[in-house]
Amino acid sequence: MSASVSSSISALIDGLFEQYGPLIWWKGSTEEVMIGAILTQQTRWENVEVALSRLRQAGICSIRGIFAAPMEEIEALIRPTGFFRVKARRLQGLAAHVIREFGGVEGMRTVPTEDLRESLLSVKGVGEETADSILCYGLGRAVFVIDAYTERICWCAGIDAGRRELKGLFESVLPETADACRQSHAHFVEYAKGYCGKKRCDECWIRNFDG
DNA sequence: TTCCCGTTCT
DNA sequence: AGAACAGGAA
């Protein structure tokens, strides 16, 4: 946890902001963000939007809608996202948990972030990345989401740290607001999709980065 | 490590 | 036809 590591993180954040500027990802309701967070696991976002609109048309794109719907209906509607049998069960498990523990999404808003995170992690199908996405994008908490892209970029930048440590580093460097976390995370994903995914390592300013 | 699985791009 | 995709469980 040296100061140089923190400054490296800051330099990455600043460099990506210079490259992409203001970039806001998804203004959705809390409930749709929660559903989308499950559906997007190992799946392209474009396919998630298809599934979300199908759920909306069926009138079940909500916690209570998912909770009440037959498993087969959910499976059919979310089919475009892949892993539809597993994800349908994860969605109902999450909906049931929210209703049972908090009486609905509104009941979550007063719960401290760490408590809420632990609660979400107890749901089958909600791992750390999904839980943090829900907290940041769905509930407006100042939580930074570490995903495979972020981890890879940091590794290429010479920052030798695991996901746990990276999360703490980003949150200590960034302003303590959900918008700051959202925007920076979006930058990392955007960069990785543009360069890492297309293997443009020769054009990557982050590789062998030492700031 | 392997499985879950449809869609899109190569 | 093959790989890759906003992961997580067993």
Side-chain angles (χ1 to χ4, degrees), chain A residues 12-13 16 20 23-55 58 61 66 71-98 117-156 162-164 166-167 170-171 174 178-201:
Chain A
L12 284 178
I13 292 170
L16 289 171
Y20 296 109
L23 175 59
I24 295 301
W25 251 9
W26 190 23
K27 303 278 195 183
S29 71
T30 299
E31 305 196 27
E32 288 199 4
V33 169
M34 296 182 75
I35 293 167
I38 295 290
L39 295 180
T40 197
Q41 290 170 357
Q42 196 64 25
T43 303
R44 296 169 190 279
W45 185 249
E46 305 84 72
N47 296 338
V48 174
E49 295 204 307
V50 173
L52 285 174
S53 63
R54 297 178 76 180
L55 288 170
C61 197
I66 290 291
M71 191 66 77
E72 313 81 60
E73 182 184 6
I74 302 174
E75 289 181 358
L77 292 170
I78 68 173
R79 183 174 292 261
T81 67
F83 306 105
F84 61 92
R85 277 183 285 266
V86 177
K87 286 177 179 176
R89 280 156 185 77
R90 289 179 180 178
L91 284 176
Q92 277 209 327
L94 177 59
H97 180 84
V98 170
R117 185 176 144 94
E118 288 310 306
S119 179
L120 289 169
L121 286 174
S122 73
V123 178
K124 294 306 172 194
V126 178
E128 304 208 2
E129 185 173 335
T130 302
D132 289 338
S133 294
I134 290 172
L135 290 169
C136 179
Y137 290 97
L139 292 161
R141 308 301 174 93
V143 169
F144 191 86
V145 179
I146 301 293
D147 54 20
Y149 291 144
T150 321
E151 192 176 25
R152 173 173 183 163
I153 289 174
C154 288
W155 184 82
C156 285
R163 292 196 176 198
R164 280 282 166 64
L166 285 177
K167 180 171 182 290
F170 274 91
E171 289 174 1
L174 285 164
D179 278 334
C181 294
R182 287 169 179 163
Q183 177 157 298
S184 182
H185 176 61
H187 285 156
F188 276 80
V189 175
E190 199 63 28
Y191 187 86
K193 290 175 80 168
Y195 292 86
C196 311
K198 296 171 182 170
K199 296 172 184 168
R200 294 163 60 190
C201 295

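Numbered from 1 within each chain, the chains take letters A, B, ... in sequence-line order.
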Under the side chain to side chain donor-acceptor pair (under 3.5 Å) test, which residues partner A:Glu171, sequence neighbours left out?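 Per chain and number, A:Glu171 pairs via side chain to side chain donor-acceptor pair (under 3.5 Å) with A:Lys167.
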
Which residues satisfy the side chain to side chain donor-acceptor pair (under 3.5 Å) test with A:Arg85, sequence neighbours excluded?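 Once residues adjacent in sequence are excluded, A:Arg85 has no partner under the side chain to side chain donor-acceptor pair (under 3.5 Å) criterion.
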
Rounded to whole Å, please give me the gap between [atom1] in [X] and [atom2] in [N].
X        : N     : atom1 : atom2 : result
A:Lys193 : C:dA3 : NZ    : P     : 21 Å
A:Leu121 : C:dG7 : CG    : C1'   : 13 Å
A:Lys87  : C:dC5 : NZ    : P     : 14 Å
A:Arg89  : C:dA9 : CZ    : P     : 16 Å

So A:Tyr195 and A:Ile153, do their side chains get closer than 4.5 Å, heavy atoms only?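 No - every pair of side-chain heavy atoms lies 4.5 Å or more apart.
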
Can you find a heavy atom in the side chain of A:Phe83 that is under 4.5 Å from one in the side chain of A:Gln42?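 A:Phe83 reaches A:Gln42 side chain to side chain.
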
How would you list, by chain and number, every residue that makes a salt bridge (Lys or Arg N to Asp or Glu O under 4.0 Å) with A:Arg163, sequence neighbours excluded?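 Partners of A:Arg163 under the salt bridge (Lys or Arg N to Asp or Glu O under 4.0 Å) test: A:Glu129, A:Glu151.
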
Will you find, in the side chains of A:Ser119 and A:His97, an N or O donor that is under 3.5 Å from an N or O acceptor?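 Checked: A:Ser119/A:His97 side chains pair up, N/O donor to acceptor below 3.5 Å.
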
If you take all heavy atoms of A:Tyr137 and A:Ala186, which pair is closest and at what distance?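 Minimum heavy-atom separation between A:Tyr137 and A:Ala186: OH-N, 4.3 Å.
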
Would you mind classifying the nucleic acid contact of [X] as base, sugar-phosphate or nothing, using non-hydrogen atoms under 4.0 angstrom?
X        : result
A:Arg44  : base
A:Lys198 : nothing
A:Val123 : sugar-phosphate
A:Phe83  : base

If you assign each of A:Val86 and A:Glu46 to its closest nucleotide in DNA chain B, which residue comes earlier from the 5' end?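 It is A:Val86 whose nearest nucleotide is closer to the 5' end.
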
Hey, is the main chain of [Y] close enough, under 3.5 Å, to the side chain of [X] for a donor-acceptor pair?
X        : Y        : answer
A:Arg200 : A:Gly194 : yes
A:Thr43  : A:Thr81  : yes
A:Lys124 : A:Arg89  : no

Take atom P in C:dA1 and the same atom in B:dC5, then report the distance between them in whole Å.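 Comparing P positions in C:dA1 and B:dC5 gives a spacing of 24 Å.
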
Strictly below 4.0 Å, heavy-atom distances to any atom of DNA chain C: list the hits from residues 35-42 of chain A, or just say none.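 Result for residues 35-42 of chain A: A:Thr40, A:Gln41, A:Gln42, sorted by number.
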
Can you list, in residue-number order, the parts of residues 125-145 of chain A that come under 4.0 Å of DNA chain C, counting heavy atoms only?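 Output list: A:Gly125, A:Val126, A:Gly127, A:Glu128, A:Glu129, A:Thr130.
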
With respect to A:Thr130, which candidate in A:Arg90, A:Gln41, A:Met34 satisfies the side-chain contact (heavy atoms from CB on, under 4.5 Å) definition?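 Answer after filtering A:Arg90, A:Gln41, A:Met34: A:Gln41.
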
Chain A contact limits on DNA chain B, taken 5' to 3' with a cut-off of 4.0 angstrom to heavy atoms: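 Span of nucleotides near chain A: B:dC4 to B:dT8.
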
